[in-house]
Novice: 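Pasting a structure below so you can have a look.
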Amino acid sequence: MRHFLSIVAAGALLVGFGAPLRGQTSFAELARSAGTPQIPGLNIVYLAPLGDHKLAPWKNIIVHQTEGPPGSAHAMAKRQAANPKLRGVALWVETDGTVYWATPETAVTLHGDGANRNDNKYINNLTTYRQVIHSNSIGVEFVGNFPDVRKPATQAQVEAWLVLVKFLQERYGIPVERVYAHNWIDYKDHRYCEGCDLAQRARALGYVPGKGVSKAAAGVNAPLMPSGR
């Protein structure tokens, strides 16, 4: 069952993810709660409820894009839920912005290619080479770039991502510099830079977990670094 919370409710509950009104739950408390927490401004469907966030091993967030067609996120998430160890990720994002949390948050899914990039093409790979791997990184997959892999994420996906990434950062205490595009840490498809635009947008937000603030207010049209050099 899908759960919807309006942007109006988001503004009433959390102003810039800052201090809550009296008697209301803070963003940090909501992000770290068990069960099926619903974040204002985000439509998230849990195929597996959340548990104790402290038991999850996540130190990094890796942004992926798949050549699955629009409308495929739910089916892919259900397939992952049935067998978490398949090659795939914990979270799948549909083109309409709906997020599907597929697996228990402590389940280690098989994603990434072992952090095999060490050419410093996009970022300095000194701290990522063979270190940012599936066992310590939670993966988020955006569907919809089929048949053109260069097709960017939809506006709805971008808007959902800018909320979701803060939720994940807050839940697991992940600093913004540990949000990575798949192409930044692995040698990937030469036709496009997988996850780069989305990772850049997340980093531009400068969200600081534990403080509930962003160092910069980067909108969905924020200027970005080139996706390749």
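Scope of the values below: all heavy atoms of this structure, side chains included, with no hydrogens, waters or symmetry mates.
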Novice: How would you list, by chain and number, every residue that makes a side chain to side chain donor-acceptor pair (under 3.5 Å) with Thr109, sequence neighbours excluded?
Specialist: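 Not a single residue meets the side chain to side chain donor-acceptor pair (under 3.5 Å) criterion with Thr109.
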Novice: Looking at residues at least two apart in the chain, or sitting in another chain, which of them share a side chain to side chain donor-acceptor pair (under 3.5 Å) with Asn145?
Specialist: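 Applying side chain to side chain donor-acceptor pair (under 3.5 Å) to Asn145 gives none.
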Novice: Taking atom types as modelled and ignoring hydrogens, do the side chains of Glu170 and Tyr207 form a donor-acceptor contact shorter than 3.5 angstrom?
Specialist: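 Side-chain D/A pair, Glu170 to Tyr207: present.
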Novice: Taking the side chain as C-beta and beyond, is there a heavy-atom pair between Tyr187 and Asn118 under 4.5 Å?
Specialist: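 SC-SC contact between Tyr187 and Asn118 confirmed.
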Novice: Using modelled atom types and a 3.5 Å cut-off, is there a donor and acceptor pairing between side-chain atoms of Gln200 and backbone atoms of Asp197?
Specialist: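 Such a contact is absent between Gln200 side chain and Asp197 backbone.
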Novice: For the residue pair Asn125 / Arg117, report whether a side-chain donor-acceptor contact shorter than 3.5 Å exists.
Specialist: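 Checked: Arg117/Asn125 side chains show no N/O donor-acceptor pair below 3.5 Å.
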Novice: Regarding His111 and His134, do their side chains bring together a donor and an acceptor under 3.5 Å, going by distance alone?
Specialist: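 The criterion, which ignores hydrogens and geometry beyond distance, is not satisfied for His134 and His111.
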Novice: With a 6.0 Å cut-off (strictly less than), is the heavy-atom count around CZ of Arg130, excluding the residue itself, greater than 12?
Specialist: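 Yes, enclosed.
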Novice: Work out which heavy atom in Leu42 is nearest to a heavy atom in Ala160; give both atom names and the distance.
Specialist: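 It is CD1-O, 3.5 Å.
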Novice: So, does Ser137 use its side chain to make a donor-acceptor pair with the main chain of Ile133 at under 3.5 Å?
Specialist: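 Yes, because the side chain of Ser137 sits within donor-acceptor range (under 3.5 Å) of the backbone of Ile133.
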Novice: How long is the gap from OG1 on Thr106 to CG on Leu55, to the nearest 0.5 Å?
Specialist: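 It comes to 7.0 Å.
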Novice: Can you tell me how far apart CD (Gln155) and OG1 (Thr95) are? Round to the nearest 0.5 Å.
Specialist: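 Nearest 0.5 Å value for the CD-OG1 distance: 13.0 Å.
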Novice: Could you walk me through whether Asp189 and Arg150 satisfy the salt bridge (charged side-chain N to carboxylate O under 4.0 Å, His left out) test, starting with their C-alpha distance in whole Å, then the side-chain angles of each, then the deciding distance to 0.1 Å, before giving a yes or no?
Specialist: CA-CA 10 Å; Asp189 194 323; Arg150 294 185 178 88; over 6 Å; no
Novice: Mind checking whether His182 and His64 have parallel, tilted or perpendicular rings, split at 30° and 60°?
Specialist: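 Perpendicular: the ring planes of His182 and His64 meet at over 60°.
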Novice: Is the distance between the ring centroids of Phe142 and Trp161 less than 6.0 Å?
Specialist: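 Between Trp161 and Phe142, which both carry aromatic rings, the centre distance is below 6.0 Å.
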Novice: Should we count CZ of Phe146 as having more than 12 external heavy atoms under 6.0 Å?
Specialist: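 It does not: Phe146 CZ has 12 such atoms or fewer within range.
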Novice: Say you draw a straight line from CD1 of Ile138 to NZ of Lys59; how long is it, rounded to the nearest 0.5 Å?
Specialist: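 Here the rounded value is 13.0 Å.
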Novice: Side chains of Tyr172 and Glu105: do they bring a donor and an acceptor to under 3.5 Å?
Specialist: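 Yes, side-chain donor-acceptor contact under 3.5 Å.
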Novice: Within the side chain of Asn136, is there an N or O that forms a donor-acceptor pair under 3.5 Å with the backbone of Gln131?
Specialist: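 Yes.
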Novice: Please determine whether salt bridge (charged side-chain N to carboxylate O under 4.0 Å, His left out) holds for the pair Lys151 and Glu194, giving the CA-CA distance in whole Å, both sets of side-chain angles, and the decisive distance to 0.1 Å.
Specialist: CA-CA 10 Å; Lys151 184 179 180 180; Glu194 183 186 337; over 6 Å; no
Novice: Taking Thr98's backbone N and O only, do any of them form a donor-acceptor pair with Asp96's side chain (distance below 3.5 Å, no angle check)?
Specialist: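 It does hold such a pair.
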Novice: So Leu86 and Gln80, do their side chains get closer than 4.5 Å, heavy atoms only?
Specialist: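 Yes, side chains in contact.
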